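This is a predicted model, so every value here is computed, not measured.
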Amino acid sequence: MHLAQLNVALGKDVVDALEMADFVANLDRVNALADTAPGFVWRLQDESGDATSIRAYDDERMIVNLSVWESVEALWGFVYDSGHLEVMRRRREWFERLPTAYLVLWWVPVGHVPTVREAIARLDHLQEHGPTFRAFTFKQRFEPAGLAA
């Protein structure tokens with residue numbers, strides 16, 4: 001099994017606004033870090049190489065990041081032990097705090113490419129039921145067999 005992750009963010013403005021310029025300026029670097037990170041499998045992207053133009057919500061300020069990794073540890077390493085962390089620490093400059101869950105993890109069969117619709121359903125499940133083997137978080141992980149880690 002591989003690990004899928006979705007995180008969503010509500011921008012303080014639309015992605016092409018001046019207020020979001022520093023965020024956009026870091027996208028290529030962060031995406032390159034992901035693409036070459038140990039355990040990286042796949043990420044959602046459009047023709048420009050990122051996913052900022054993919055509309056999953058009515059609010060055009062809402063962006064999605066969807067990716068697949070070989071393991072929770074591989075994703076953790078990218079998020080917290082790479083140059084990604086430097087940019088993530090600045091997220092409040094560009095994004096609003098969301099009152100609901102904004103990150104969800106779940107297991108997918110090797111070779112499966114999750115859809116945005118599938119990912120949002122997992123995020124909704126996490127919001128409605130809390131962490132389960134179907135939709136979980138870094139804080140409360142579940143193994144592919146459905147057992148809490």
Side-chain angles (χ1 to χ4, degrees), residues 2-35 37 39-46 48-108 112-144 146 148-149:
H2 280 163
L3 181 78
Q5 78 79 32
L6 170 73
N7 69 77
V8 299
L10 179 62
K12 291 189 173 182
D13 207 334
V14 293
V15 77
D16 58 354
L18 185 59
E19 187 171 5
M20 300 294 286
D22 279 347
F23 169 72
V24 173
N26 281 287
L27 282 175
D28 286 344
R29 181 172 65 86
V30 171
N31 286 335
L33 286 170
D35 292 346
F40 171 80
V41 176
W42 171 88
R43 68 180 169 85
L44 179 67
Q45 57 185 300
D46 62 16
S48 70
D50 64 52
T52 57
S53 69
I54 296 171
R55 294 285 162 252
Y57 294 90
D58 291 337
D59 190 331
E60 64 184 82
R61 298 174 303 149
M62 186 74 85
I63 63 170
V64 297
N65 176 291
L66 176 58
S67 59
V68 176
W69 297 80
E70 290 177 356
S71 65
V72 172
E73 294 76 20
L75 176 58
W76 180 274
F78 166 69
V79 172
Y80 295 106
D81 294 329
S82 76
H84 174 270
L85 183 60
E86 166 194 333
V87 176
M88 190 175 73
R89 285 184 173 142
R90 296 182 59 198
R91 68 188 176 274
R92 294 293 165 245
E93 293 177 35
W94 310 301
F95 298 102
E96 304 288 347
R97 280 192 189 276
L98 291 173
T100 59
Y102 58 88
L103 169 77
V104 63
L105 309 174
W106 72 100
W107 296 105
V108 295
H112 176 72
V113 174
T115 66
V116 173
R117 175 180 275 173
E118 170 189 351
I120 290 172
R122 298 290 179 143
L123 185 63
D124 291 346
H125 183 87
L126 176 65
Q127 185 64 34
E128 292 172 22
H129 304 284
T132 66
F133 67 91
R134 181 169 164 71
F136 53 95
T137 65
F138 276 131
K139 196 176 253 187
Q140 187 170 355
R141 304 173 188 184
F142 286 78
E143 296 301 318

Give the C-alpha distance, both sets of side-chain angles, the deciding distance and a yes or no for side chain to side chain contact (heavy atoms under 4.5 Å, CB included) between E93 and F23. CA-CA 9 Å; E93 293 177 35; F23 169 72; over 6 Å; no

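- The minimum heavy-atom distance linking E96 with K12 is given by the pair OE2-CG, 3.5 Å.
- By the ring-ring contact (aromatic ring centres under 6.0 Å, His included) test, W42 pairs with no residue at all, sequence neighbours left out.
- Here the options are V24, D13, D22, the test is side-chain contact (heavy atoms from CB on, under 4.5 Å), and the partner is W94; only D22 passes.
- For F40, the CZ atom counts as densely surrounded, since its 6.0 Å shell holds more than 12 non-hydrogen atoms of other residues, nucleotides or ligands.
- A donor-acceptor pair is defined here as one N or O able to donate and one able to accept, closer than 3.5 Å; no such pair exists between the side chain of R97 and the backbone of R92.
- Atom CG of residue D50 and atom CD1 of residue I63 lie 8.5 Å apart, to the nearest 0.5 angstrom.
- Not counting sequence neighbours, the partners of D16 by the side-chain contact (heavy atoms from CB on, under 4.5 Å) test are V14.
- Contact detail for A56 and V64: the closest heavy-atom pair is CB-CG1, 3.7 Å.
- To the nearest 0.5 Å, atoms CG (N65) and CZ (R43) are separated by 8.5 Å.
- Between G49 and N31, the shortest heavy-atom contact is O-ND2, 3.6 Å.
- Listed for the R89 side chain is no donor-acceptor partner under 3.5 Å among the backbone atoms of E86.
- Pairs passing the salt bridge (charged side-chain N to carboxylate O under 4.0 Å, His left out) check and including a residue from residues 60-70, sequence neighbours excluded, read D59-R61.
- In this structure, CH2 in W69 is found 12.0 Å from CG in L105, a value given to the nearest 0.5 Å.
- Taking every heavy atom of both residues into account, T100 and Q127 meet most closely at CB-OE1, 3.3 Å.
- With hydrogens and angles disregarded, a donor-acceptor distance shorter than 3.5 Å links the side chain of R55 to the backbone of T52.
- Atom CG of L103 sits about 14.0 Å away from atom CZ of R122, to the nearest 0.5 Å.
- Residue M20 holds its CE atom at 11.5 Å from CG of L18, rounded to the nearest 0.5 Å.
- Here W106 and F136 keep their ring centres 6.0 angstrom or further from each other.
- Rounded to the nearest 0.5 angstrom, R90 CZ and F95 CZ are separated by 11.0 Å.
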